[in-house]
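The next block holds one structure in the form of structure tokens; read it before the comments.
Lettering follows sequence order; numbering is per chain, from 1.
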Amino acid sequence: MDLSGQLEALTANAAEVIPVPELESKLRTGRPLRVKLGLDPTAKDVTLGWAVVLRKLRQFQDLGHTAVLILGDFTAQIGDPSGKDETRPMLTKDEVDAHARQVLEQFDLIVSSDRLEIRRNSEWLESLGAAGLLEVSTHHTVARMLERNDFAERFAEGSAISVREFLYPLLQGYDSVAVEADVELGGTDQHFNLLVGRHLQRVYGQEPQVVMEMPLLEGTDGVQKMSQSLGNYIAITEPAEDMFGKLMRVPDRLMEKYFRLATDLSDEAIADALAQPPQEAKRRLAESVVRLYHGERAGLDSRAHFDRVFKDHELPEQIDDVTIPAHAVKDGRIDVPSLLKALGFASSSSDARRLIDQGGVRLDGAPVEANVIGADEVRGKILRVGKRHFARLL
RNA sequence: GGGGGGAUACCCAAGUGGCCAACGGGGCCUGGCUGUAAACCAGGUGGCUCAGCCUUCGCAGGUUCAAAUCCUGCUCCCCCCA
């Protein structure tokens with residue numbers, strides 16, 4: 001691909017590229033660029049939000065550049081004593097390794113293993129030492145730190161900011177120095193930290209990295225950014241049907257954003273989809289995303305499943321057979337709360353009782369009205385709890 | 001080092017001796033409506049052998065017929081001044 005083609009393709013979805021001319025001149029050298037991406041080893045899943053950045057990284061790889069993944073094992077081991085919650089336990093090396101392995105495995109679905117370099121920041125941060133840390137921190141002022149929005153806000157409202165949090169951006173920035181990054185990717189929430197990298201590289205006599213920020217994808221609640229701690233995320237490893245269902249629950253107004261950031265559809269295909277009635281547009285969205293991570297077939301199948309169960313209100317094509325556990329049977333009658341709990345359809349038997357009271361438990365479509373019912377009223381029937389849980393009772 | 005404030009269920013937050021399994025909001029769950037949603041409406045949201053019982057309000061003791069609320073000690077957190 002020629003220079004302007006590369007530039008255009010790479011910057012296409014980016015929220016911000018600082019500065020574009022530097023990216024252009026780096027590309028012009030023709031050498032493979034080192035594209036850095038930091039990885040938080042505390043997370044367990046790769047979300048569609050994270051995938052936005054990962055897919056950008058993949059794009060760089062496809063154009064012949066080198067992906068440099070940095071595991072933040074050092075910082076994870078320090079733990080974070082700040083915040084109102086009880087002190088977060090420090091992660092041991094083993095825990096970091098376990099997380100890293102899990103996450104990297106998922107990365108495989110997006111990032112190519114060619115032109116990939118994986119580093120741990122303990123490699124250089126461990127030996128940096130107190131003196132080195134002081135040296136790094138010399139080049140930033142408190143005023144500058146307070147420029148960062150979240151710090152400024154928290155400071156203004158009088159809530160706590162730990163010194164460690166101040167140091168964090170410096171360490172992340174130092175990573176860029178250590179790996180001699182040409183480009184660093186991140187979400188727009190990383191703005192400040194990414195710029196610290198530029199600054200430090202200059203201090204250490206390197207050519208500063210280009211910062212490329214990708215838009216943040218809102219989660220399924222449609223408001224807050226997709227995050228694992230908020231529980232509003234869709235993981236790329238999620239079963240196809242669940243993934244499809246969650247995507248259908250994304251608010252309409254976010255459809256275009258999801259199309260652009262989470263699918264590989266062309267502008268034309270996106271425009272065409274959005275010209276459809278909303279429910280059809282959203283089906284295409286869900287199908288496209290599922291296809292990306294589970295393959296063509298799964299995309300079609302999960303769409304069919306969704307239509308069948310939620311649109312036409314029919315039973316799923318496949319329902320697991322379940323034998324009623326002995327402890328849910330008393331004197332030949334079925335204790336429904338025990339049954340729901342045993343099947344994992346209710347978190348406790350109290351929860352199960354509530355579901356029954358509220359009409360959320362059905363047998364062959366008829367609401368269950370008592371906690372204890374005769375075994376003959378149950379056997380061979382389809383149990384449905386809420387919208388999503390089904391089982392055929394034997 | 002000094003002063004002040006705080007710790008309540010998933011989160012925020014009310015409650016200062018009995019009417020407290022604990023107001024209100026968010027989130028979440030169920031039902032209704034629908035396009036699957038959003039918006040909206042209704043209900044629910046500690047556990048259990050469930051019209052009753054058991055365990056919760058930072059931790060440990062104590063006072064009382066009775067404590068989230070009072071007393072003592074402890075732990076942790078935040079802010080301000082130096």
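Annotation: proximity of residues 268-281 of chain A to RNA chain B (heavy atom, distance under 4.0 Å) is found for A/P278, A/Q279, numbered in ascending order. Applying a 4.0 Å cut-off to non-hydrogen atoms, the residues of residues 382-389 of chain A that approach RNA chain B are A/G386, A/K387, listed by residue number. Against RNA chain B, the stretch residues 303-312 of chain A makes heavy-atom approaches under 4.0 Å through A/F306, A/F310, A/K311.
At a cut-off of 3.5 angstrom, the base of B/rG43 holds at least one donor-acceptor pair with the side chain of A/Q358. Contact annotation: side chain of A/D252 to base of B/rG35, donor-acceptor pair present below 3.5 Å.
The closest side-chain donor-acceptor pair between A/D175 and A/W124 falls under 3.5 angstrom. Between the side chains of A/Q209 and A/S176, a donor-acceptor pair is found at a separation under 3.5 Å. Remark: the A/D73 side chain and the A/S122 side chain contain an N/O donor-acceptor pair separated by less than 3.5 Å.
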For residues 22-30 of chain A, dump all side-chain donor-acceptor pairs below 3.5 Å to protein atoms at least two apart in sequence or in another chain.
{"unit_1": "A/E22", "atom_1": "OE1", "unit_2": "A/R198", "atom_2": "NH1", "d": "3.0"}
{"unit_1": "A/E22", "atom_1": "OE2", "unit_2": "A/R198", "atom_2": "NH2", "d": "3.3"}
{"unit_1": "A/S25", "atom_1": "OG", "unit_2": "A/P21", "atom_2": "O", "d": "3.4"}
{"unit_1": "A/S25", "atom_1": "OG", "unit_2": "A/E22", "atom_2": "O", "d": "3.1"}
{"unit_1": "A/K26", "atom_1": "NZ", "unit_2": "A/D182", "atom_2": "OD1", "d": "3.4"}
{"unit_1": "A/K26", "atom_1": "NZ", "unit_2": "A/E207", "atom_2": "OE2", "d": "3.0"}
{"unit_1": "A/K26", "atom_1": "NZ", "unit_2": "A/P208", "atom_2": "O", "d": "3.3"}
{"unit_1": "A/T29", "atom_1": "OG1", "unit_2": "A/K26", "atom_2": "O", "d": "2.6"}
{"unit_1": "A/T29", "atom_1": "OG1", "unit_2": "A/R31", "atom_2": "N", "d": "3.4"}

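Rounded to a whole angstrom, the distance from the C1' atom of B/rG25 to that of B/rA9 is 14 Å. Taking the C1' atoms as reference points, B/rU56 lies 10 Å from B/rG47, given to the whole Å.
When both distances must be under 3.5 Å, the Watson-Crick or G-U wobble mate of B/rU75 is B/rA7.
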> What one-letter contact string describes nucleotides 45-53 of chain B from 5' to 3', where B marks a base within less than 4.0 Å of any protein heavy atom, S marks contact via sugar-phosphate atoms alone, and - marks no contact?
Replying inline: S-SBSB---
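Counting only residues at least two apart or on different chains, the ring pair (Phe, Tyr, Trp, His ring centres under 6.0 Å) pairs with a member in residues 193-248 of chain A are A/H140-A/H199, A/Y174-A/Y204, A/F244-A/F306.
One interatomic measurement links the two molecules: CE of A/M255 to P of B/rG35, which rounds to 15 Å at whole-angstrom precision. When the P atom of B/rA37 is taken as reference, atom CZ of A/R284 falls 21 Å away, rounded to whole Å.
Between the side chain of A/R379 and the backbone N or O of A/L394, at least one donor-acceptor pair lies under 3.5 Å. Not a single donor-acceptor pair under 3.5 Å links the side chain of A/E213 to the backbone N or O of A/Q190.
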Could you go over nucleotides 54-57 of chain B and give all protein N or O partners under 3.5 Å, atom names and distances?
none

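Grouped with A/I356 in one hydrophobic cluster are A/V322, A/I324, A/V329, A/I334, A/V336, A/L339, A/L340, A/L343, A/F345, A/L355, A/V361, A/L363, A/V368, A/I373, A/V378, A/L383, A/V385, A/L393, the linkage being side-chain heavy-atom contacts under 4.5 Å among Ile, Leu, Val, Met, Phe, Trp and Tyr residues. Other members of the cluster containing A/L134 do not exist, because no ILVMFWY side chain is joined to it at under 4.5 Å. Cluster partners of A/L300, using a side-chain heavy-atom cutoff of under 4.5 Å among ILVMFWY residues and allowing indirect links: none. Applying the under-4.5 Å side-chain rule to Ile, Leu, Val, Met, Phe, Trp and Tyr, the cluster around A/L194 extends to A/I18, A/L195, A/V211.
At a threshold of 4.0 Å, the pair A/E280-A/K282 does not count as salt-bridged, since none of the basic side-chain nitrogens sits closer than that to a carboxylate oxygen.
Using a 4.5 Å heavy-atom threshold, the side chains of A/R202 and A/Q206 count as separate.
Taking A/R115 as the reference, nothing meets the side-chain hydrogen bond (donor to acceptor under 3.5 Å, both in side chains) condition, with sequence neighbours excluded.
Annotation: the span from A/S348 atom OG to A/R354 atom CZ amounts to 5.5 Å, rounded to 0.5 Å.
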